[in-house]
Engineer: 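Here it is, the structure, as structure tokens.
Read the numbers this way: they start at 1 and go in the same order the structure lists the ligands and their atoms. Note that these values count all heavy atoms, side chains included, but never hydrogens, waters or copies made by symmetry.
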Amino acid sequence: MDHFSYRARALFCEDVPVRQLAETYGTPLFVYSEATLLHHLSQLQKAFAAVEPLICYSVKTNGNIHLGRVMAEAGAGFDVTSGGELYRALSAGGIGDKIVFAGVGKTDAELRYALDTGVFLYNVESEAELYALADVAKSVGRVAQAALRVNPDLPPKTHVKTDTSVKGVKFGLDIDTILDVAQGVVDNPHVRVVGLHMHLGSPILSAQPYRDGAAKGLVLIDQLRKQGHPITVLNMGGGFGIHYRKQEALPATAFAAEIVPAVQKSGCRLVLEPGRFIVGNAGLLLSRVIYTKESGGKRFVIQDAAMNDLIRPTLYDSFHRIWPVEPPQGVPAPPEDYEADIPGTVKCDVVGPVCESGDFLAKDRRLPPLARGDLLATFSAGAYGMAMSSNYNARLRAAEVLVDGDRHRLIRRRETYVDLVRAELEV
Ligand code: LLP
């Protein structure tokens with residue numbers, strides 16, 4: 001359940017009127033619901049309870065350390081993909097033996113940092129990386145535990161830019177070369193291949209790819225064990241889809257039904273790396289209408305959030321539900337079907353102030369008539385919103401606020417003009 005709801009024609013985050021947050025912290029503002037965050041984590045914990053998984057929250061999705069702290073306190077580990085994300089995970093209270101390190105291009109410096117931190121598992125994506133990991137481990141007198149990331153070569157599942165397990169992408173080891181690579185390190189004293197990793201893509205709205213991936217994984221685990229590798233970990237990655245357009249996501253139990261039996265058969269410990277499933281529906285982007293205008297036969301709503309705050313529509317043509325925080329009489333709540341002819345609405349493009357034609361949050365979207373000063377909520381913005389934000393056009397990155405019941409607190413202050421030039425002044 002998501003804790004955003006309309007009560008008497010006003011949007012609430014848990015028990016806080018969203019208007020109050022705009023007035024207190026300004027806009028654009030990312031608003032997160034702690035109850036939603038915890039609810040989604042616990043759905044995964046419950047669905048997979050039979051195999052006691054290590055659930056590593058994917059820091060790339062939303063790396064705010066205050067959200068990370070909530071995750072760590074609720075028992076999650078972390079999935080990191082750079083030295084910077086490792087730093088964020090540690091700052092949030094993460095501990096090395098609950099951290100997994102993914103990514104195709106880990107540098108020696110990052111590997112050294114991770115080894116010093118006692119990171120539990122390295123998801124290795126190439127033969128060269130496997131040897132680099134062994135070399136760095138040797139130089140610091142440690143033994144690194146690796147999970148080989150396999151590209152299981154499954155049919156396309158997501159947007160072409162976020163599909164990671166089809167042939168020809170940069171991720172993982174080809175399924176037909178992985179055993180040769182593994183053979184090369186059977187006796188290596190500095191790297192132990194203890195696991196198999198796959199991340200199928202994101203967001204995935206069907207359980208089938210997990211069934212197919214796990215089946216291929218079981219065969220590989222068997223083969224790796226026969227080579228002499230002590231395989232004890234199966235990491236099935238993240239990728240579980242969420243609600244963007246409508247209630248379209250599968251429950252965690254649907255994914256568990258495909259993954260748990262395979263894990264039990266393998267005798268492995270399960271690691272998961274979900275991000276979007278936990279934080280995606282737990283956040284919205286709050287903005288304020290600056291102007292409206294008609295141009296070229298179209299209606300534009302120009303508001304103060306832009307592609308630098310939420311780049312998903314620009315980058316992937318992603319659909320995010322958008323609705324006024326206080327809709328007018330007659331159109332109380334966001335519709336289930338945005339394509340339908342909703343009475344009292346008009347088609348418009350919701351755009352930001354950035355100097356790019358691709359700067360939009362929605363195109364040809366039916367919305368109630370809006371005026372200067374109105375507040376808008378862009379839903380399902382908790383994942384890959386703030387994390388992919390930038391200072392393009394020298395725009396200040398948005399503030400972030402966390403709501404818990406009837407309380408709210410700033411978890412990232414709005415940037416200032418000085419923040420924009422600080423690194424240039426400090427030279
Ligand atoms: N593990 C690995 C190795 C990953 O590459 C990713 C995401 C995850 C876990 C977490 O996936 P999730 O559970 O959040 O679906 N920016 C895109 C999504 C890129 C996903 C990158 N990898 C978007 O906004 O849709």
Engineer: What protein heavy atom sits nearest atom 12 (P) of ligand 1, and how far away is it?
Structural biologist: G239 N, 3.4 Å
Engineer: Report, one line per pair, each donor and acceptor closer than 3.5 Å where one atom sits in a side chain of residues 69-79; sequence neighbours left out.
Structural biologist:
| residue | atom | partner | partner atom | Å |
| --- | --- | --- | --- | --- |
| R69 | NH2 | S91 | O | 3.3 |
| D79 | OD2 | S58 | OG | 2.8 |

Engineer: Sequence neighbours excluded and cut-off under 3.5 Å, please list the side-chain donor-acceptor pairs for residues 278-286, or say none.
Structural biologist:
| residue | atom | partner | partner atom | Å |
| --- | --- | --- | --- | --- |
| N281 | OD1 | H243 | N | 3.2 |
| N281 | ND2 | H243 | O | 2.8 |
| N281 | ND2 | S380 | OG | 2.9 |

Engineer: Does this structure show an ion pair linking R422 with D419, if we count only N-O contacts that are shorter than 4.0 Å?
Structural biologist: yes
Engineer: Quick one: does G237 get within less than 4.0 Å of ligand 1, heavy atoms only?
Structural biologist: no
Engineer: Where is the nearest protein heavy atom to atom 15 (O) of ligand 1: which residue, which atom, and how far?
Structural biologist: S202 OG, 2.4 Å
Engineer: Are any of the N/O atoms on T162, whether in the backbone or the side chain, positioned under 3.5 angstrom from an N/O atom of ligand 1?
Structural biologist: no
Engineer: Which one holds for R276 and ligand 1: side chain close, backbone close, both close, or neither close, with close meaning a heavy atom under 4.0 Å?
Structural biologist: both
Engineer: I'd like to know if F277 contacts ligand 1, where contact means a heavy-atom distance under 4.0 Å to any ligand atom.
Structural biologist: no
Engineer: Between K226 and D222, is the closest basic N to carboxylate O distance under 4.0 Å?
Structural biologist: yes
Engineer: Where does F171 meet ligand 1, judged by heavy-atom distances below 4.0 Å: at the side chain, the backbone, both, or neither?
Structural biologist: neither
Engineer: May I ask you to identify the nearest protein heavy atom to atom 16 (N) of ligand 1, giving residue, atom name and distance to one decimal place in Å?
Structural biologist: Y316 OH, 2.7 Å
Engineer: Identify the protein heavy atom lying closest to atom 8 (C) of ligand 1, giving its residue, its atom name and the separation to 0.1 Å.
Structural biologist: H199 CE1, 3.4 Å
Engineer: Tell me: protein heavy atom nearest atom 4 (C) of ligand 1, and distance?
Structural biologist: K60 NZ, 3.2 Å
Engineer: Can you tell me which portion of D79 lies within the under-4.0 Å heavy-atom range of ligand 1? Options are side chain, backbone, both, or neither.
Structural biologist: side chain
Engineer: Indicate, with yes or no, if the rings of Y87 and Y113 have centres closer together than 6.0 Å.
Structural biologist: no
Engineer: Is P203 near ligand 1, meaning one of its heavy atoms is under 4.0 Å from it?
Structural biologist: no
Engineer: When you measure from atom 1 (N) of ligand 1 to each heavy atom in E273, R312, M388, which option holds the nearest one?
Structural biologist: E273
Engineer: Is the closest side-chain heavy-atom distance between Y122 and Q145 below 4.5 Å?
Structural biologist: no
Engineer: Using a 3.5 Å cut-off on N or O atoms only, is G275 in polar contact with ligand 1?
Structural biologist: yes
Engineer: At what distance is the nearest protein heavy atom to atom 20 (C) of ligand 1, and which residue and atom is it?
Structural biologist: Y384 OH, 3.5 Å
Engineer: Please work out, at 4.0 Å between heavy atoms, whether the side chain, the backbone, both, or neither of R149 comes within that distance of ligand 1.
Structural biologist: side chain
Engineer: Thinking salt bridges, do R409 and D404 make one under a 4.0 Å N-O criterion?
Structural biologist: no
Engineer: P53 versus M236: any side-chain heavy-atom pair under 4.5 Å?
Structural biologist: no
Engineer: Taking only Lys NZ, Arg NE, NH1 and NH2, and the carboxylate oxygens of Asp or Glu, determine whether D364 and K347 approach each other closer than 4.0 Å.
Structural biologist: no
Engineer: Atoms of ligand 1 less than 4.0 Å from P274 heavy atoms?
Structural biologist: 13 (O)
Engineer: So that I can tick it off, tell me whether D153 and K216 are bridged by a salt bridge, with the cut-off set at under 4.0 angstrom between side-chain N and carboxylate O.
Structural biologist: no
